[in-house]
Q: 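Have a look at this one.
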Amino acid sequence: QVQLVESGGGLVQAGGSLRLSCAASVTIQKIDRMGWYRQTPGNQRELVATIRDGDKIETAGSVKGRFTISRDKNTVHLQMNSLKPEDTAVYYCYLQHIWWDYWGQGTQVTVSS
(Lines give C-alpha, C1' and ligand atoms only; values in the text may rest on other atoms or scores of the structure.)
Protein backbone atom coordinates (compact mmCIF):
# COMPACT_ATOMS: atom_id res chain seq x y z
CA GLN A 1 0.00 0.00 0.00
CA VAL A 2 1.37 3.39 -1.02
CA GLN A 3 1.19 6.22 1.47
CA LEU A 4 1.76 9.84 0.56
CA VAL A 5 3.34 11.98 3.25
CA GLU A 6 2.80 15.71 2.87
CA SER A 7 4.59 18.59 4.54
CA GLY A 8 4.95 22.33 4.30
CA GLY A 9 1.48 23.75 4.85
CA GLY A 10 0.77 26.58 7.25
CA LEU A 11 -0.29 30.19 7.69
CA VAL A 12 1.19 32.97 5.58
CA GLN A 13 0.33 36.54 4.75
CA ALA A 14 -0.87 37.53 1.30
CA GLY A 15 2.07 37.93 -1.04
CA GLY A 16 4.12 35.38 0.84
CA SER A 17 5.43 31.98 -0.18
CA LEU A 18 5.12 28.37 0.93
CA ARG A 19 6.61 25.14 -0.36
CA LEU A 20 4.68 21.90 -0.16
CA SER A 21 6.37 18.53 -0.44
CA CYS A 22 4.98 15.04 -0.80
CA ALA A 23 6.87 11.77 -0.68
CA ALA A 24 5.60 8.33 -1.54
CA SER A 25 6.31 5.72 1.12
CA VAL A 26 7.53 3.13 -1.38
CA THR A 27 9.56 3.25 -4.56
CA ILE A 28 7.33 3.11 -7.62
CA GLN A 29 8.90 2.17 -10.93
CA LYS A 30 6.50 4.12 -13.10
CA ILE A 31 4.39 7.01 -11.84
CA ASP A 32 1.81 7.99 -14.41
CA ARG A 33 0.88 11.25 -12.73
CA MET A 34 1.75 13.01 -9.49
CA GLY A 35 0.83 16.38 -8.13
CA TRP A 36 -1.55 18.50 -6.09
CA TYR A 37 -5.25 19.20 -5.75
CA ARG A 38 -6.98 21.50 -3.31
CA GLN A 39 -10.38 21.74 -1.69
CA THR A 40 -12.35 24.35 0.23
CA PRO A 41 -15.45 23.67 2.34
CA GLY A 42 -18.52 22.95 0.25
CA ASN A 43 -16.57 22.70 -2.99
CA GLN A 44 -15.18 19.89 -5.09
CA ARG A 45 -11.54 19.05 -5.07
CA GLU A 46 -9.80 20.90 -7.90
CA LEU A 47 -6.55 20.41 -9.74
CA VAL A 48 -3.70 22.73 -8.83
CA ALA A 49 -0.79 21.20 -10.75
CA THR A 50 0.34 17.75 -11.80
CA ILE A 51 3.25 16.21 -13.67
CA ARG A 52 2.56 13.32 -16.04
CA ASP A 53 4.95 10.58 -17.08
CA GLY A 54 7.19 12.27 -19.63
CA ASP A 55 7.21 15.46 -17.56
CA LYS A 56 4.12 17.02 -19.08
CA ILE A 57 2.84 19.61 -16.60
CA GLU A 58 -0.77 20.63 -16.10
CA THR A 59 -1.43 23.78 -14.08
CA ALA A 60 -4.67 25.48 -13.12
CA GLY A 61 -5.12 28.86 -14.71
CA SER A 62 -5.67 30.49 -11.33
CA VAL A 63 -2.14 29.63 -10.18
CA LYS A 64 -0.14 29.91 -13.40
CA GLY A 65 2.85 32.17 -13.02
CA ARG A 66 2.70 31.88 -9.22
CA PHE A 67 2.96 28.15 -8.45
CA THR A 68 5.66 25.82 -9.74
CA ILE A 69 5.56 22.05 -9.55
CA SER A 70 8.61 19.84 -9.66
CA ARG A 71 9.27 16.16 -9.14
CA ASP A 72 12.27 14.11 -8.12
CA LYS A 73 11.65 10.36 -8.35
CA ASN A 74 8.92 9.61 -5.79
CA THR A 75 8.74 13.14 -4.34
CA VAL A 76 6.80 16.09 -5.67
CA HIS A 77 7.09 19.72 -4.62
CA LEU A 78 4.84 22.73 -5.07
CA GLN A 79 6.48 26.12 -4.74
CA MET A 80 3.75 28.67 -4.11
CA ASN A 81 4.64 32.34 -4.50
CA SER A 82 2.56 35.51 -4.41
CA LEU A 83 -0.07 33.73 -2.37
CA LYS A 84 -3.57 35.16 -2.24
CA PRO A 85 -6.37 34.69 0.32
CA GLU A 86 -8.28 32.71 -2.32
CA ASP A 87 -5.49 30.12 -2.29
CA THR A 88 -6.61 29.13 1.21
CA ALA A 89 -7.57 25.45 1.09
CA VAL A 90 -6.61 21.97 2.11
CA TYR A 91 -4.00 20.77 -0.37
CA TYR A 92 -3.89 17.08 -1.23
CA CYS A 93 -1.05 15.18 -2.80
CA TYR A 94 -2.09 12.80 -5.57
CA LEU A 95 -0.35 9.90 -7.28
CA GLN A 96 -1.58 7.74 -10.14
CA HIS A 97 0.06 4.40 -10.86
CA ILE A 98 -1.57 2.38 -13.66
CA TRP A 99 -5.19 2.19 -12.51
CA TRP A 100 -4.58 3.00 -8.84
CA ASP A 101 -5.14 6.47 -7.39
CA TYR A 102 -3.55 7.47 -4.09
CA TRP A 103 -4.22 10.53 -1.96
CA GLY A 104 -2.40 12.15 0.91
CA GLN A 105 -4.15 13.14 4.12
CA GLY A 106 -4.15 16.82 3.17
CA THR A 107 -2.28 19.83 4.49
CA GLN A 108 -3.90 23.15 5.36
CA VAL A 109 -2.71 26.31 3.64
CA THR A 110 -4.14 29.54 5.02
CA VAL A 111 -3.38 32.91 3.45
CA SER A 112 -4.35 35.95 5.50
CA SER A 113 -5.17 39.29 3.91
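Numbers here are sequence positions counted from 1.
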Q: Which distance, rounded to the nearest 0.5 Å, do you find between the CD of E86 and the OG of S62?
A: 8.5 Å
Q: Before you tell me yes or no, could you show the steps for Q108 and T88 under side chain to side chain contact (heavy atoms under 4.5 Å, CB included), namely the whole-Å CA-CA distance, both residues' side-chain angles and the distance that decides it to 0.1 Å?
A: CA-CA 8 Å; Q108 178 70 45; T88 295; 3.9 Å; yes
Q: Compare all side-chain heavy atoms of Q79 with those of S17 and state whether any distance is below 4.5 angstrom.
A: yes
Q: Between N81 and G16, is there a donor-acceptor pair closer than 3.5 Å when you use the side chain of the first and the backbone of the second?
A: no
Q: Taking the side chain as every heavy atom from C-beta outward, state whether Y102 and Q3 have any atom pair closer than 4.5 Å.
A: no
Q: Can you find a side-chain donor-acceptor pair between T40 and N43 that sits under 3.5 Å?
A: yes
Q: Sequence neighbours excluded, which residues qualify as salt bridge (charged side-chain N to carboxylate O under 4.0 Å, His left out) partners of D32?
A: K30
Q: Assess the residue pair R71 and D55 against the criterion (salt bridge (charged side-chain N to carboxylate O under 4.0 Å, His left out)); give the C-alpha distance rounded to whole Å, side-chain angles, the decisive distance to 0.1 Å, and a yes or no.
A: CA-CA 9 Å; R71 190 189 132 197; D55 294 332; 5.4 Å; no
Q: Can you tell me how far CZ of R38 sits from CG of L47, rounded to the nearest 0.5 angstrom?
A: 10.0 Å
Q: Give a yes-or-no answer on whether the side chains of E6 and T107 include a donor-acceptor pair shorter than 3.5 Å.
A: no
Q: Look up atom OG1 in T110 and atom CG in L18, then write down how far apart they are to the nearest 0.5 Å.
A: 9.5 Å
Q: Can you list the steps and then say if V2 with W100 is a side chain to side chain contact (heavy atoms under 4.5 Å, CB included)?
A: CA-CA 10 Å; V2 177; W100 291 290; over 6 Å; no
Q: Any heavy-atom pair between the side chains of M34 and I51 that's under 4.5 Å?
A: no
Q: Rounded at 0.5 Å granularity, tell me how far CZ in R33 sits from CG in D53.
A: 12.0 Å
Q: Could you tell me whether the side chains of Y37 and R45 share a donor-acceptor contact shorter than 3.5 Å?
A: no
Q: Between I28 and L95, is a side chain to side chain contact (heavy atoms under 4.5 Å, CB included) present by the stated rule, with each step listed?
A: CA-CA 10 Å; I28 299 173; L95 186 152; 3.8 Å; yes
Q: What's the separation between atom CZ in R66 and atom OG in S82, rounded to the nearest 0.5 Å?
A: 7.0 Å
Q: Using a 4.5 Å cut-off on heavy atoms from C-beta on, say whether the side chain of L20 contacts that of M80.
A: yes
Q: Any side-chain heavy atom of L4 within less than 4.5 Å of one from S25?
A: no
Q: As a quick check of understanding, evaluate ring pair (Phe, Tyr, Trp, His ring centres under 6.0 Å) for Y94 and W103, giving each step before the final call.
A: CA-CA 5 Å; Y94 168 78; W103 293 93; 4.8 Å; yes
Q: Side chains of H77 and S21: do they bring a donor and an acceptor to under 3.5 Å?
A: yes
Q: Quick check: closest heavy atoms across W36 and T50, and the distance to 0.1 Å?
A: N-CG2, 4.1 Å
Q: Do L83 and L11 share a hydrophobic cluster (ILVMFWY, side-chain heavy atoms under 4.5 Å, transitive)?
A: no
Q: With a 4.5 Å cut-off on side-chain heavy atoms, are I69 and V76 touching?
A: yes
Q: Do V48 and Y91 touch side chain to side chain, with heavy atoms closer than 4.5 Å?
A: yes
Q: Given side chain to side chain contact (heavy atoms under 4.5 Å, CB included), test N74 with I31 step by step and report yes or no.
A: CA-CA 8 Å; N74 290 336; I31 294 175; 3.2 Å; yes
